[in-house]
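The sequence lines fix the lettering, A, B, ..., with proteins before strands; numbering per chain opens at 1.
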2 protein chains.
Amino acid sequence: MSSQNIPTRDRILKSTWQLLEAGNGSAVRMSDIAKAAKISRQALYLHFPNRADLLTATTRYLDEVHDIDAKLAKSRSAASGTQRLEIWVETWGNYIPTIFGVAKALMAMQETDEEAAAAWNDRICAIRDGCEKAVQALKADGALTDSMSEEEATDMLLTILSVRNWEQLRIDCNWTQARYIDMMQQLTAKALVKS
Amino acid sequence: MSSQNIPTRDRILKSTWQLLEAGNGSAVRMSDIAKAAKISRQALYLHFPNRADLLTATTRYLDEVHDIDAKLAKSRSAASGTQRLEIWVETWGNYIPTIFGVAKALMAMQETDEEAAAAWNDRICAIRDGCEKAVQALKADGALTDSMSEEEATDMLLTILSVRNWEQLRIDCNWTQARYIDMMQQLTAKALVKS
DNA sequence: GGTGCGATTGACACGATGTCAACTTGACAC
DNA sequence: GTGTCAAGTTGACATCGTGTCAATCGCACC
């Protein structure tokens, strides 16, 4: 963590991201990352104890580089609950492509690696928080459907906006990003807003 | 053991299913399956050339045992498009728990194994077909929303009804199976039926 | 000239899949 | 009985990716 080795560390994180981005999260090995960062495979372990840690650090690096907090501030200033939901869907939905590669790699590791599971779960909690806030804003406006509790509505929103769903629509079904955002805004409104 | 008489191949498939079912699809090795089927690990390879083939054969075995075709016939006799959608969501949604273990293992392999990807894709096509038929029934009734094409509606339905979404709601969020079915019937109706 | 740090090379353990060769066992035919 | 075939067994081994370890190197800094 010392400030001296930032260049190398940054180079590693950047390379990791680029490789995962390019390969759509599939089969990126530690040796590939090392090669891309122009260091030896072993040197990777001088900076990150294991693959899970490297991937987690990469998500944090991306959050930092893209200043995700600033973008989220936008949804906080929404005039109504429905507007807040709309902005939240758009903001998160447009951030997914950026983190997709890393997210996929982390999700794949989740099955076997305890640490990776915890790391990814941590990220999910942050997103769930955004979903919860949107649901609360709807509730405050009296606009939340009465077929669900606040918690269920949050579960539902989080599920609809999952990375896997984005992957399926955007990549498997070949939707455009704009179409994805549009349809998700419509779907979440239909699902959560009282008619 | 009552399983003593069952032919080896069937014993393997049954053991595979039981292990994947119990372990929620996580970390079931070839050696575990062999042990459960009371044969040597190497003998597994006398029946199935590799892990992907074994998993695929297991899904077919499950389809056969549960006579999934008969269950699907039910939705074909629905009176209206909306009813057909409702029955389709219920039928498929209630089949997911059965195949979940195998599905998850197959999905995990998909990333690295070409054959596993093809096998799982094959299964998805069958499910997509069910979704498409439901959408067509809605269209025929003039009940399909006009915010989407038939193809997009099919993509959307397939995505909403994904195994991953079931996992998230049923397992991660701890919803009951009945609640899952109920909410998915509501959500798919809101998403696809013209209001 | 040391000291310490980042990095390198090379070797190795581990766990999982998949392969191979040689041997055993039981059923059945002749 | 003997021969044969199929199915199963044991044990060894290749491969691949992660993670570890030891020895060494080069360089900036004091």
Subject >> Residue among Thr58(B), Thr56(B), Asn50(B) satisfying side chain to side chain contact (heavy atoms under 4.5 Å, CB included) with Leu54(B) >> reply: Thr58(B)
Original post:
Quick one, which residues of residues 34-42 of chain A touch DNA chain D with a heavy atom under 4.0 Å?
Top reply: Arg41(A), Gln42(A)
**OP:** Would you kindly give the NE2-to-P distance between His47(B) and dG18(C), to the nearest whole Å?
**Re:** 16 Å
Subject >> Interatomic distance, Leu46(A) CG vs dG4(C) P [rounded to whole Å] >> reply: 18 Å
Original post:
How would you list, by chain and number, every residue that makes a ring pair (Phe, Tyr, Trp, His ring centres under 6.0 Å) with Tyr61(B), sequence neighbours excluded?
Top reply: none
Subject >> Partners meeting side-chain contact (heavy atoms from CB on, under 4.5 Å) with Ser80(A) (sequence neighbours left out) >> reply: Thr82(A), Gln83(A), Asp141(A)
Subject >> Set of residues satisfying side-chain contact (heavy atoms from CB on, under 4.5 Å) with respect to Gln186(B), sequence neighbours excluded >> reply: Ser147(A), Asp182(B), Met183(B), Lys190(B)
Subject >> For atom CG of Asn50(B) and atom P of dC20(C), their distance in whole Å >> reply: 14 Å
**OP:** Please report how far the helix from dG1(C)-dC30(D) to dC30(C)-dG1(D) bends, comparing the axis fitted to its first five pairs with the axis fitted to its last five, to the nearest 10 degrees.
**Re:** 20°
**OP:** Please round to the nearest 0.5 Å and tell me the distance separating atom CD of Glu21(B) and atom CD1 of Ile99(B).
**Re:** 9.5 Å
Subject >> Ion pair Asp67(A)/Lys71(A), N-O distance below 4.0 Å >> reply: no
Subject >> Contacts of type salt bridge (Lys or Arg N to Asp or Glu O under 4.0 Å), residue Asp122(A), not counting sequence neighbours >> reply: Arg60(A)
Original post:
From the 5' end of DNA chain D to its 3' end, which nucleotides mark the outer limits of contact with chain B, defined by a 4.0 Å heavy-atom distance cut-off (strictly under)?
Top reply: dG8(D) to dA12(D)
**OP:** Answer yes or no: are there more than 12 heavy-atom neighbours, outside Glu64(A) itself, under 6.0 Å from its atom CD?
**Re:** no
**OP:** Not counting sequence neighbours, which residues clear salt bridge (Lys or Arg N to Asp or Glu O under 4.0 Å) with Asp53(A)? List them please.
**Re:** none
**OP:** Please check if the side chain of Gln177(A) supplies one atom and the backbone of Gly93(A) the other of a donor-acceptor pair under 3.5 Å.
**Re:** yes
**OP:** For Leu44(A) and dT9(C), give me the distance from atom CG to atom C1', rounded to whole Å.
**Re:** 15 Å
Going by atom type alone, with no hydrogens or angles, which donor-acceptor pairs under 3.5 Å involve a side-chain atom of residues 38-46 of chain A and a protein atom two or more places apart or on another chain?
{"unit_1": "Ser40(A)", "atom_1": "OG", "unit_2": "Ala43(A)", "atom_2": "N", "d": "3.3"}

Subject >> Reported CG-to-CD1 distance for the pair Leu55(B) and Ile33(B), which is rounded to 0.5 angstrom >> reply: 6.5 Å
**OP:** Check Ala117(A) against Gln110(A) and note the closest heavy-atom contact, atom names and distance.
**Re:** CA-CG, 3.4 Å
What are the atom names and distances for every N/O pair under 3.5 Å that joins the protein to nucleotides 14-16 of chain C?
{"unit_1": "dA16(C)", "atom_1": "OP1", "unit_2": "Arg29(B)", "atom_2": "NH1", "d": "2.8"}

Original post:
Counting only N and O atoms by type, is there a donor-acceptor contact under 3.5 Å from the side chain of Trp17(B) to the main-chain atoms of Thr98(B)?
Top reply: yes
Identify all side-chain donor-acceptor contacts of residues 152-163 of chain B below 3.5 Å with residues at least two apart in sequence or on another chain.
{"unit_1": "Glu152(B)", "atom_1": "OE1", "unit_2": "Arg179(A)", "atom_2": "NH2", "d": "2.8"}
{"unit_1": "Glu152(B)", "atom_1": "OE1", "unit_2": "Ser149(B)", "atom_2": "N", "d": "3.2"}
{"unit_1": "Glu152(B)", "atom_1": "OE2", "unit_2": "Arg179(A)", "atom_2": "NE", "d": "2.5"}
{"unit_1": "Glu152(B)", "atom_1": "OE2", "unit_2": "Arg179(A)", "atom_2": "NH2", "d": "3.3"}
{"unit_1": "Thr154(B)", "atom_1": "OG1", "unit_2": "Glu150(B)", "atom_2": "O", "d": "2.9"}
{"unit_1": "Asp155(B)", "atom_1": "OD1", "unit_2": "Arg128(B)", "atom_2": "NH1", "d": "2.8"}
{"unit_1": "Asp155(B)", "atom_1": "OD1", "unit_2": "Arg128(B)", "atom_2": "NH2", "d": "2.8"}
{"unit_1": "Asp155(B)", "atom_1": "OD2", "unit_2": "Trp175(A)", "atom_2": "NE1", "d": "2.8"}
{"unit_1": "Thr159(B)", "atom_1": "OG1", "unit_2": "Gln168(A)", "atom_2": "NE2", "d": "3.4"}
{"unit_1": "Thr159(B)", "atom_1": "OG1", "unit_2": "Asp155(B)", "atom_2": "O", "d": "2.8"}
{"unit_1": "Ser162(B)", "atom_1": "OG", "unit_2": "Thr159(B)", "atom_2": "O", "d": "3.2"}
{"unit_1": "Ser162(B)", "atom_1": "OG", "unit_2": "Asn165(B)", "atom_2": "N", "d": "3.1"}

Original post:
For residues 52-61 of chain A, which residues have at least one heavy atom under 4.0 Å from DNA chain D?
Top reply: none
Subject >> Whole-Å gap separating P (dT17(C)) and CZ (Phe48(B)) >> reply: 15 Å
